[in-house]
There are 2 protein chains.
Amino acid sequence: MKGYLWQATPSNDVHPAKLLHWESVAIDAVGNVIEFWGFKRNQGRVWALLYLRDVAHTAAEIEKELDLSKGGVSMLLRDLERWGVVLRVRTPGDSCWRYQAETDLLHMARRVIEEREFSFIARIRADLEEARKLAEADASTGKAQIQRLKRMETLADATEKALKLFLKTSRLDVGGMFDVFRG
Amino acid sequence: MKGYLWQATPSNDVHPAKLLHWESVAIDAVGNVIEFWGFKRNQGRVWALLYLRDVAHTAAEIEKELDLSKGGVSMLLRDLERWGVVLRVRTPGDSCWRYQAETDLLHMARRVIEEREFSFIARIRADLEEARKLAEADASTGKAQIQRLKRMETLADATEKALKLFLKTSRLDVGGMFDVFRG
DNA sequence: CATGCAGTTCAAAACGGCTTGAACTATATG
DNA sequence: CATATAGTTCAAGCCGTTTTGAACTGCATG
């Protein structure tokens with residue numbers, strides 16, 4: 001959840017490798033959702049390219065199609081592979097790796113978010129609790145202020161609860177997508 | 001939902017106006033949650049200061065307490081006022097405005113997110129739909145690709161559904177907080 | 001083992017959002 | 001009306017994140 005003022009791929013750009021127009025529209029759309037989920041736009045774009053094409057591509061091909069740098073592609077693929085949404089395969093005769101899309105994105109988004117966000121919220125709650133304890137220890141603190149600190153803790157609680165429900169929901173919602181994304 | 005590697009207010013900083021240590025811990029914690037919700041960290045900090053102190057402050061005071069710039073405070077207050085979480089009051093005798101916290105933050109967070117996110121998701125869905133239509137119009141598109149484009153639309157659907165539930169939940173969760181945050 | 005291409009690394013550049021601060025406008029006061 | 005102080009605006013600067021590209025490593029092949 002951040003600022004969402006992305007550029008809308010107004011047209012086939014100047015250096016297009018061979019991406020069809022509709023491909024780039026779809027690929028960028030996926031890039032935007034995934035960015036919304038807190039990942040890099042280009043992680044989503046790489047995955048989307050591989051998923052749409054349904055053919056294992058080499059890093060060099062991805063680089064040309066999406067107009068990214070060699071180093072960038074390498075790092076993006078490493079992330080996607082680590083998260084299990086892209087598979088690195090070596091066709092028997094061929095001497096270099098090819099990459100292909102694997103499983104759906106939300107599956108991985110959930111996992112990553114789960115691990116990332118909860119420690120985040122836990123930290124906030126810990127800070128608020130610490131603040132309250134310090135305030136309580138300080139004789140000059142008014143009763144009402146302690147009240148307000150406690151109420152702020154509810155803010156963290158509510159956020160955590162909401163986040164939990166969010167993840168649980170996306171698990172259920174996506175239940176049907178589990179298979180939907182294969183083939 | 002973005003990267004959450006914030007600095008933990010390790011100690012009373014160098015130029016503190018007169019913020020107590022526990023105050024700054026709490027204020028920063030609120031800044032962090034609110035940033036998580038997609039707002040500016042300092043919007044949360046300003047609100048938190050006013051809420052914790054429960055006394056109307058002048059812009060100059062806020063500026064000193066939180067070590068912000070004059071211009072920054074002006075803009076932050078404008079946003080908070082627009083969202084209805086901070087009230088601008090003028091005490092009879094006094095010649096300058098004072099600001100005080102009003103209602104809880106989640107109330108406003110929900111409203112703003114609601115309006116912001118849905119147009120965001122709508123846009124993504126529209127792009128995916130457009131891509132699919134273009135692909136369908138192109139004779140060279142394979143059947144399987146159209147399938148995959150449709151499946152990508154489920155990604156937007158699932159995201160939207162999850163978001164809706166998220167907001168609804170936060171509404172329920174916060175139901176009890178509605179009053180909790182007053183006085 | 002020399003050559004060349006695939007893949008990795010990382011310092012530096014590019015980018016984007018946030019904040020600053022100086023110039024400006026508005027408003028109160030004598 | 002002159003002056004002072006509060007509040008606003010916005011171009012420029014700052015800062016964190018992402019991307020680039022050149023140097024490097026590793027591996028396959030002749």
Side-chain angles (χ1 to χ4, degrees), chain A residues 1-8 13 15 28 31-32 34-47 56-82 86-100 116, chain B residues 1-8 13 15 28 31-32 34-46 56-82 86-100 116 120:
Chain A
M1 308 197 180
K2 257 304 166 69
Y4 310 118
L5 309 159
W6 71 90
Q7 68 284 24
D13 283 26
H15 318 236
D28 286 355
N32 291 327
I34 212 62
E35 188 174 31
F36 164 87
W37 290 89
F39 300 88
K40 293 187 198 164
R41 175 188 179 72
N42 281 330
Q43 288 166 348
R45 298 210 316 139
V46 169
W47 178 85
H57 283 52
T58 64
E61 283 161 353
I62 296 169
E63 185 187 329
K64 275 201 276 74
E65 296 287 14
L66 301 182
D67 194 24
L68 299 170
S69 67
K70 194 159 124 81
V73 171
S74 170
M75 291 186 297
L76 293 169
L77 285 171
R78 179 152 43 75
D79 295 337
L80 293 169
E81 211 188 332
R82 181 155 38 83
V86 155
L87 203 60
R88 178 193 292 236
V89 297
R90 171 119 45 182
T91 353
D94 206 356
S95 72
C96 82
W97 292 102
R98 287 171 178 279
Y99 303 86
Q100 71 181 40
R116 191 167 66 174
Chain B
M1 307 197 183
K2 257 302 168 71
Y4 310 117
L5 309 159
W6 71 89
Q7 68 284 25
D13 282 28
H15 315 240
D28 287 355
N32 291 326
I34 211 63
E35 188 174 32
F36 165 89
W37 291 88
F39 300 88
K40 294 187 198 164
R41 175 187 178 72
N42 282 330
Q43 289 166 348
R45 298 210 316 138
V46 169
H57 283 55
T58 64
E61 283 161 355
I62 295 169
E63 186 186 328
K64 275 201 275 76
E65 296 288 12
L66 301 182
D67 194 25
L68 298 169
S69 67
K70 192 158 126 81
V73 171
S74 169
M75 290 186 298
L76 292 169
L77 285 172
R78 180 151 43 75
D79 295 336
L80 293 170
E81 210 188 332
R82 183 155 37 83
V86 157
L87 203 60
R88 177 195 292 238
V89 297
R90 170 118 44 183
T91 353
D94 208 355
S95 72
C96 83
W97 293 102
R98 288 172 177 278
Y99 302 87
Q100 70 181 41
R116 193 168 64 174
F120 166 76

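Keep in mind that what you see is a predicted model, and the values were worked out from it rather than measured. Basis for what follows: all heavy atoms, side chains included, without hydrogens, waters or symmetry-related copies.
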Hey, does the side chain of [X] come within less than 4.0 Å of [N]'s phosphate (OP1/OP2), counting only N and O?
X	N	answer
Arg78(A)	dT9(C)	yes
Asn42(A)	dT18(D)	no
Tyr99(A)	dA6(C)	no
Arg98(A)	dA6(C)	no

- Task: Have a look at Lys70(B) and say if it touches a base, only the backbone sugar-phosphate, or nothing, with a 4.0 Å heavy-atom cut-off.
- Result: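 Base contact.
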- How is Arg88(B) classified with respect to the nucleic acid when contacts are heavy atoms under 4.0 Å: base, sugar-phosphate, or nothing? sugar-phosphate
- What's the spacing between Leu68(B) CG and Asn42(B) CG if we round to 0.5 Å? 5.0 Å
- From Leu87(B) CG over to Leu77(B) CG, what is the distance, rounded to the nearest 0.5 angstrom? 11.5 Å
Atom [atom1] of [X] to atom [atom2] of [N]: distance rounded to whole Å?
X	N	atom1	atom2	result
Glu63(B)	dT20(C)	CD	P	9 Å
Arg41(A)	dC15(C)	CZ	P	14 Å
Asp94(A)	dA28(D)	CG	C1'	12 Å
Lys40(A)	dG16(D)	NZ	P	17 Å
Ile62(B)	dT20(C)	CD1	P	14 Å
Glu35(B)	dG17(C)	CD	P	14 Å
Trp97(B)	dT27(C)	CH2	P	10 Å
Arg45(A)	dT18(D)	CZ	P	15 Å

- Could you check which of dT20(D), dG7(D), dT20(C) has an atom nearest any side-chain atom of Leu68(A)?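 From the listed options, dT20(D) comes nearest.
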- Item | Nucleotide of dT20(D), dG7(D), dT8(C) approaching Ser74(A) most closely (side-chain heavy atoms) |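 Looking only at heavy atoms from C-beta outward on Ser74(A), the closest nucleotide is dT8(C).
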- Which residue lies toward the 5' end of DNA chain D, Leu76(A) or Met75(B), if each is placed at its nearest nucleotide?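 On the 5' side of the pair lies Met75(B).
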- Between Gly31(B) and Arg45(B), the two heavy atoms sitting closest are CA-CG, 4.0 Å
- Query: Nearest heavy-atom pair of Thr58(B) and Cys96(B): which atoms, and what distance?
  - Reply: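 For Thr58(B) versus Cys96(B), the nearest heavy atoms are CG2-SG, 3.8 Å.
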- Item | Nearest-nucleotide comparison on DNA chain C, the residue closer to the 5′ end among Ser95(A) and Gly72(A) |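 It is Ser95(A) whose nearest nucleotide is closer to the 5' end.
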- Tell me, please, which residues at least two apart from Arg78(B) pass side chain to side chain donor-acceptor pair (under 3.5 Å). none
